[in-house]
Amino acid sequence: MSTHGTEAPRPIRIALLGCGTVGGEVVRLLTEQAGELAARVGAPLELAGIAVRRPDKHPELPPQLLTPDPAKLIESDADVVVELIGGIEPVRDWLLAALHKGKSVVTANKALLAECSGELSEAADSSGADLYFEAAVAGAIPLLRPLRESLAGDRITRVMGIVNGTTNYILSAMDSTGAGYAETLDEASRLGYAEADPTADVDGYDAASKAAILASLAFHSRVTVADVHREGIAGVSSSDILAAQKIGRVVKLLAICERVTAEEGAESVSARVHPVMIPRAHQLAGVGGAFNAVYVEADAAGELMFYGQGAGGAPTASAVLGDLVTVARNRVLAGRGPRESAHAALPIRPMGQTPTRYHISLDVADRAGVLAQVAQVFAVHDVSIAAVRQRDRLSTASLVIVTHSAPDSALQSTVDEISRLDVVREVVSVMRVEGEDS
Ligand code: NDP
Ligand code: HSE
């Protein structure tokens with residue numbers, strides 16, 4: 001749709017699917033900033049309808065716009081569909097239908113994108129519609145557009161960061177106040193950070209979906225959530241937090257996406273989400289509450305850091321509105337945003353072959369030869385030790401070992417074998433280490 005002459009531009013009609021934590025803020029901003037947004041787009045933005053599960057629970061919204069039937073809105077004359085319901089089915093079918101009809105889609109649905117962004121992109125290509133999803137990763141932080149557009153001429157080698165606000169909120173509280181896990185999770189839900197089912201946050205699914213989206217964009221390959229190694233924070237105990245504190249580190253849940261180059265030059269992608277210990281002096285260590293922060297390393301650009309509010313209604317709505325203005329502008333100018341770029345099609349490197357480093361804290365019998373026995377297990381698995389610290393107690397000794405980089409499967413086998421040694425009373429804490437020279 002282009003505007004010529006003095007004719008008033010036709011409004012861009014928006015079908016809003018979902019009006020909860022994020023959708024409610026989108027409606028507020030659309031209403032409060034209607035004049036300003038119209039000036040930026042070159043045409044007014046107008047709500048064609050709002051789909052919610054229970055229209056009777058939304059007295060704050062104009063009743064004539066409400067429907068419990070998203071499919072009906074997809075069939076309407078809307079130009080753009082903004083999806084803020086979440087989950088995979090039936091949202092996938094609704095968005096595919098919208099894209100096939102040529103309606104542009106803006107979504108914050110990382111779970112859906114991490115499962116079938118290829119299919120959605122193909123549907124967008126088939127009709128020339130736009131598909132934008134900035135809010136799906138790291139809330140308010142402009143991160144996907146820099147990866148997709150600003151760094152399109154560079155070669156990204158690594159994307160690493162805190163991409164889940166809920167778990168960062170919980171880990172920050174455990175570290176600073178010693179607060180309990182359950183009470184902190186309840187608070188994160190109350191503040192609107194957690195997913196409808198908070199196990200998606202706690203078990204790392206949300207961060208794994210975001211890692212898949214980041215790896216796909218950074219490495220021009222289709223990476224799905226099934227390709228991402230995932231460990232959540234349910235296994236992080238107060239012993240782990242304490243063990244980290246004792247050696248000047250802090251526990252964070254990180255998403256780490258890397259371009260790995262083998263000796264013979266073949267490239268692959270490693271994508272993983274798991275708790276790590278990082279030095280307290282590391283920039284990611286100071287990222288507290290529901291904030292997110294992501295490092296991007298690229299050949300020419302060097303290191304970049306993106307930081308800001310990673311969850312919550314208003315911050316996420318900011319990213320949704322940014323996308324909405326872009327796709328609406330494209331409609332007005334009869335243009336289109338960038339297509340999916342997956343030409344590199346790099347294979348996925350299994351977690352077992354990915355080089356990592358471990359921090360291992362053990363209670364062992366305090367007698368001669370114990371350290372040699374433990375060290376022997378490391379040697380058998382070809383894992384090199386970077387540092388050992390021993391502290392004696394009455395009849396046991398506390399042993400803290402930090403390894404050099406080794407294939408993750410070798411480190412896992414080492415820990416398994418050590419835990420079976422007679423001289424090992426207890427494996428107090430095992431966690432991967434990031435953020436220092438290997
Ligand atoms: P909410 O649970 O707060 O809102 C979901 C909305 O969808 C509600 O309005 C609900 O209706 C509606 N809905 C649910 N099922 C249906 C259905 N079958 N038909 C019609 N409407 C339906 O979710 P959020 O706003 O927190 O999240 C929305 C999306 O944004 C998700 O994909 C989430 O992952 C993503 N996101 C969320 C962030 C956050 O901080 N909250 C940050 C970044 C992304 P009703 O109100 O009647 O229940
Ligand atoms: N539940 C998500 C989080 C919302 O806690 O980060 C933002 O994507």
Side-chain angles (χ1 to χ4, degrees), residues 15-28 49-61 66-74 81-95 105-115 133-141 143-144 161-172 184-185 187-211 213-214 232-233 253 255 273 287 289-294 308-320 323:
L16 178 62
L17 312 189
C19 198
T21 305
V22 183
E25 287 298 309
V26 167
V27 171
R28 181 180 68 79
I50 305 173
V52 289
R53 196 172 26 188
R54 302 154 302 173
D56 54 312
K57 300 276 184 217
H58 290 275
E60 79 287 6
L61 298 172
L66 289 176
T67 171
D69 185 1
K72 197 172 120 196
L73 279 187
I74 306 284
V81 173
V82 176
E83 187 273 307
L84 298 168
I85 289 179
I88 292 168
E89 297 295 356
V91 174
R92 174 178 160 275
D93 289 343
W94 292 330
L95 296 194
V105 166
V106 172
T107 177
N109 192 336
K110 50 264 164 145
L112 178 70
L113 289 158
E115 189 121 342
F133 44 90
E134 182 65 64
V137 183
I141 308 171
L143 175 61
L144 303 191
I162 296 165
V163 294
N164 182 267
T166 303
T167 47
N168 200 54
Y169 187 84
I170 295 170
L171 291 174
S172 302
T184 325
L185 176 57
E187 183 66 1
S189 294
R190 198 185 59 73
L191 291 167
Y193 305 147
E195 294 301 301
D197 173 3
T199 54
D201 297 293
V202 172
D203 291 342
Y205 289 101
D206 179 78
S209 293
K210 290 165 176 170
I213 296 168
L214 290 171
I233 64 163
L253 183 76
V273 166
V287 177
F291 277 76
N292 284 187
V294 178
Q309 296 196 63
T316 309
S318 162
V320 172
D323 281 355

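Atoms considered below: every heavy atom in the structure, side chains included; atoms not considered: hydrogens, waters and symmetry mates. Note that the coordinates shown come from a computational prediction; the quantities given were computed from them, not determined experimentally. For ligands, and for the atoms within them, numbers begin at 1 and follow the listed sequence.
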*Residue pair F133 / I213: nearest heavy atoms and the distance that separates them*: CE1-CG2, 3.9 Å

_Below the 3.5 angstrom mark, is there an N/O of G192, backbone or side chain, next to an N/O of ligand 1?_
yes

_Candidate list V105, D323, L16, test side-chain contact (heavy atoms from CB on, under 4.5 Å), partner V82, passing option_ = L16

*Using non-hydrogen atoms of the residue, decide whether G310 is closer than 4.0 angstrom to ligand 2.*
yes

_Taking 4.0 angstrom as the limit and counting only heavy atoms of E195, give me the atoms of ligand 2 inside it, by number and element._
1 (N), 2 (C), 4 (C)

Name every donor-acceptor pair, under 3.5 Å, that has one atom in a side chain of residues 18-27 and the other anywhere in the protein, sequence neighbours excluded.
residue	atom	partner	partner atom	Å
E25	OE1	R28	NE	2.9
E25	OE1	R28	NH2	2.7

*Is G23 close to ligand 1, meaning an N/O of one under 3.5 Å from an N/O of the other?*
no

*Mark up the atoms of ligand 1 that fall under 4.0 Å of a heavy atom belonging to G312, in ascending order.*
39 (C), 40 (O)

*What part of A311, side chain, backbone, both or neither, has a heavy atom within less than 4.0 angstrom of ligand 1?*
both

*Report yes or no: does E195 have a heavy atom closer than 4.0 Å to ligand 1?*
yes

*What atoms of ligand 1 come closer than 4.0 angstrom to any heavy atom of A135?*
43 (C), 44 (C)

_As an exercise, identify every atom of ligand 2 less than 4.0 angstrom from a heavy atom of Y193._
1 (N), 2 (C), 3 (C), 4 (C), 5 (O)

*Sidechain-backbone polar pair: N168 side chain, N292 backbone, donor-acceptor under 3.5 Å*: no

*Based purely on interatomic distance, does G165 place a nitrogen or oxygen under 3.5 Å from a nitrogen or oxygen of ligand 2?*
yes

_Could you identify the single nearest non-hydrogen protein atom to atom 18 (N) of ligand 1 and state the distance to 0.1 Å?_
W94 CH2, 4.0 Å

_If you apply the rule side-chain contact (heavy atoms from CB on, under 4.5 Å), what do you find for V52 with L66, and how did you get there?_
CA-CA 7 Å; V52 289; L66 289 176; 4.0 Å; yes

*Compare D197, L16, V26, V52 and give the one whose heavy atom is closest to atom 20 (C) of ligand 1.*
V52

*Tell me: protein heavy atom nearest atom 43 (C) of ligand 1, and distance?*
T316 CG2, 3.4 Å

*Touching ligand 1 at all, P70? Heavy atoms, strictly under 4.0 Å?*
yes

*What protein heavy atom sits nearest atom 12 (C) of ligand 1, and how far off is it?*
G18 CA, 3.9 Å

*Within a distance under 4.0 Å of any heavy atom of A108, pick out the atoms of ligand 1 and give their elements.*
30 (O), 32 (O), 35 (C), 44 (C)

*Give the numbers and elements of all ligand 1 atoms closer than 4.0 Å to a heavy atom of G86.*
31 (C), 32 (O)

*Atom indices of ligand 2, in the order listed, that fall short of 4.0 Å to a heavy atom of D201*: 1 (N), 2 (C), 3 (C), 5 (O)

*Side chain or backbone of D206 under 4.0 Å from ligand 2, or both, or neither, by non-hydrogen atoms?*
side chain

_Close side-chain approach of L17 to V81, heavy-atom, < 4.5 Å_ = yes

*asked:* With side chain to side chain donor-acceptor pair (under 3.5 Å) as the rule and sequence neighbours excluded, what pairs involving residues 192-201 come up?
replied: K110-E195, N164-D201, D197-T199

*Any atoms of ligand 1 less than 4.0 Å from a non-hydrogen atom of A51? List them with their elements.*
21 (N)

*Under 3.5 Å: donor-acceptor pair, side chain of Q309, backbone of G312*: no

*Between T67 and L73, is any pair of side-chain heavy atoms under 4.5 Å apart?*
yes

_For atom 47 (O) of ligand 1, what is the closest protein heavy atom, and at what distance to 0.1 Å?_
R54 N, 2.8 Å

*Considering only protein heavy atoms, which is closest to atom 26 (O) of ligand 1, and at what distance to one decimal place?*
T21 CB, 3.6 Å

*Going by heavy-atom distance to atom 22 (C) of ligand 1, choose the closest among K110, H58, R53.*
R53

*When you measure from atom 14 (C) of ligand 1 to every protein heavy atom, which one gives the shortest distance, and what is it?*
I85 CG2, 3.6 Å

*Minimum-distance protein heavy atom relative to atom 2 (O) of ligand 1*: A196 CB, 4.7 Å

*Taking only heavy atoms of V22 into account, list the atoms of ligand 1 that are under 4.0 Å away from them.*
25 (O), 37 (C), 38 (C), 39 (C), 41 (N)

*For atom 5 (O) of ligand 2, what is the nearest protein heavy atom, given as residue, atom name and distance?*
T166 OG1, 2.6 Å

*For ligand 2, which atoms, with element, lie under 4.0 Å from some heavy atom of K110?*
2 (C), 4 (C), 7 (C), 8 (O)

_To check your reading of the model: name the closest protein heavy atom to atom 4 (O) of ligand 1, its residue, and the distance in Å._
G20 CA, 3.4 Å

*Those atoms of ligand 2 less than 4.0 Å from some heavy atom in K210*: 2 (C), 3 (C), 6 (O), 7 (C), 8 (O)

_Only heavy atoms of C19, strictly under 4.0 Å: list the atoms of ligand 1 that pass._
6 (C), 8 (C), 9 (O)

